[in-house]
Amino acid sequence: MIPSSLLVILLSGVLARSPLHEQKAYLVSLLPREGRIQGWSRVDTARIYEGNALYDFIDGGADLFFEYGFRRALSVEYQSAGGKSINLEVYEMKDPGSAFGIYSIRSGEEATQVDIGQRGNAHAYYIMFWKGRFYVSVASSDSTGECRSGLEATARAVDQNISSKGQKPHVVDLLPAANLGMSRYFRGNLGLSSTSILDVKGLFPVVDGAIGTYRDHTTVLLRYGSAADAERHLADFSAYIKTDERFKGYQRRGQMAVVADSGNRALCFGHSGLYIIVSISSREAIAKVSCEKAISLIRGH
Amino acid sequence: MNQSIDRREFVKRCVVAGAGIIMGPTASKAFMRSGSPAPYELSAVAGDRYFDNVMKAVDALGGMRRFVQPGNSVGILVNSPLGGRAAFTHPDVSLAVVKMCLEAGAKQIYALNDISQKYWRRSGLYQSMKPEIDRIRYSDEKTEVSIDKGKVLKKADISTLLLSCDVYINIPIIKDHEGTKFTCNLKNMMGACSGSTCRRFHFGESSGLLGLFKGYYSNVEILAQSIADVNLVRQPNLCVVDATEILATNGPSGPGEVRTPKEVIASTNCVAADMYATRHLGLNWEELLVVKYAQLHGYGPKTLKEISTKIL
């Protein structure tokens with residue numbers, strides 16, 4: 001019989017070499033080396049949140065991460081001699097598409113682009129970027145020069161430690177490129193509704209989709225598992241807006257349909273293959289042209 | 001963690017709580033009426049002195065003695081789990097409430113969720129108010145309550161102290177929320193619930209796997225309805241809302257855009273305060289499901305005209 005103490009040692013050895021342990025160790029290896037961020041030191045050991053434990057970390061904020069596909073997150077705090085603090089969070093997502101998606105939804109329109117990660121942006125007191133299957137957020141206690149330089153140094157150090165890059169989801173590349181401002185990627189209702197542009201009843205479930213913001217309109221692409229699914233959901237959506245009092249003036253226009261919402265915006269929508277395309281603008285003509293453009297681009301692919 | 005309550009006190013409290021639970025709907029009605037006299041009252045004070053402005057806002061409603069009688073136990077529900085900037089109630093706001101309650105003669109202050117010392121240390125008043133902070137006690141004991149009038153949430157594991165305290169004060173922060181679009185008093189009630197109850201908010205009482213397959217659209221509706229339902233258990237006697245520095249995007253955890261209305265709101269009704277507070281996020285309360293469902297339950301105003309408002 002194996003003594004229990006020996007069993008513990010043996011099990012510890014097995015666990016120490018387990019894939020889970022290695023995955024966590026890799027996450028920890030992405031942290032800046034001790035002393036790498038001048039003037040800042042780590043307050044305590046890094047905390048790792050696996051699966052549902054994310055609720056313990058960001059509580060109500062966890063659902064959006066689960067919608068995209070969450071694996072684990074690491075959190076660590078740094079402090080300066082003057083008592084300022086920086087919180088670094090590294091989220092390991094299911095795949096690069098998930099990491100790009102969560103970044104695209106959370107990055108905001110008032111940001112300054114920075115050459116960190118595959119795409120990154122800086123705000124007054126935080127920097128976020130995505131690279132490979134990782135989404136990284138670094139936030140400081142205020143926006144003083146000391147904090148801003150600490151933020152940037154921390155973000156760049158993590159960027160360097162992430163070795164592999166990843167591909168953006170294909171659907172994002174289907175957005176018409178001319179005059180495209182922001183492009184966002186979603187995998188469910190939380191991602192789509194966080195942009196507050198479209199009431200989604202009748203449209204779900206989608207596989208995924210993209211939102212393109214342009215100067216005078218917004219285009220939304222929703223991808224389904226099959227062309228039949230897309231067609232069916234478009235019929236559901238049409239039936240819904242014909243009866244909902246917030247929409248008025250439903251009209252078929254060839255392969256598309258147009259309706260006005262409660263904000264007097266024109267919604268023009270159509271279908272091509274796996275996709276439902278919705279264009280929204282304060283001017284009906286622009287909504288129609290942009291919807292046609294997106295449909296023909298998808299057909300071309 | 002705050003100081004634990006002693007065993008004798010806790011048993012006494014459980015007995016009181018148990019009586020309330022056995023009384024069921026009757027107890028709920030008593031709670032509902034205790035803090036919400038019509039017309040609904042609200043005061044708002046803007047400025048940099050958050051601590052002082054809480055006092056002014058509560059004074060505008062008649063002062064803390066209107067809500068807290070000498071010898072009362074007071075439960076405070078603070079949105080205190082630490083997140084980034086503007087993601088938690090400013091500790092000065094919470095400390096002002098604590099100070100006012102003690103000055104009004106409160107026998108005991110109970111935290112209805114776990115408030116860490118790290119949270120209090122973020123206040124510049126931490127050292128001077130350490131004696132008051134040390135008087136706050138906490139227990140994570142939960143009691144299962146039935147919610148007969150709940151539309152989707154029929155029962156909940158909720159803070160035993162919430163059920164037993166004489167006076168319940170909700171102290172949320174206004175901020176963006178990815179699901180409900182807005183979090184304030186109504187949503188903050190989830191802080192008094194167990195983790196397993198909060199999970200049910202996302203998938204309903206009996207939906208289980210079906211809830212997962214239905215997708216998040218229906219879940220957002222269930223979440224909003226569950227929040228409205230759980231507030232049937234007990235509404236606050238007083239709401240003190242932090243609208244000083246608020247997270248306008250990427251809520252509830254951030255980081256995201258921070259706005260600084262520098263306002264403190266006090267109200268006798270949680271729905272009234274939430275309706276008023278939506279303006280700081282540029283939202284229309286009429287489009288918020290959680291407000292709509294709370295109104296349908298009948299424990300708040302249906303229009304802003306029903307709220308007697310003092311802006312100081």
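In the text below, chain A, chain B and the rest are named by the order of the sequence lines, each starting its count at 1.
- Proximity to chain B is limited to the backbone of A:Ser140, based on heavy atoms less than 4.5 angstrom apart.
- Looking only at atom types and distance, the side chain of B:Ser94 has a donor-acceptor partner in the side chain of B:Tyr119 under 3.5 Å away.
- Taking the ring centroids of A:Tyr55 and A:Phe66, they lie under the 6.0 Å cut-off.
- Side chains of B:Glu245 and B:His90: a donor-acceptor N/O pair is absent below 3.5 angstrom, by distance only.
- Other residues, nucleotides and ligands contribute more than 12 heavy atoms inside 6.0 Å of the CZ atom of B:Arg121.
- Residue contact with chain B, scored on non-hydrogen atoms closer than 4.5 Å, involves the backbone of A:Ala62 exclusively.
- Among B:Pro255, B:Ser253, B:Gly195, B:Gly254, the residue making the largest number of heavy-atom pairs under 4.5 Å with chain A is B:Pro255.
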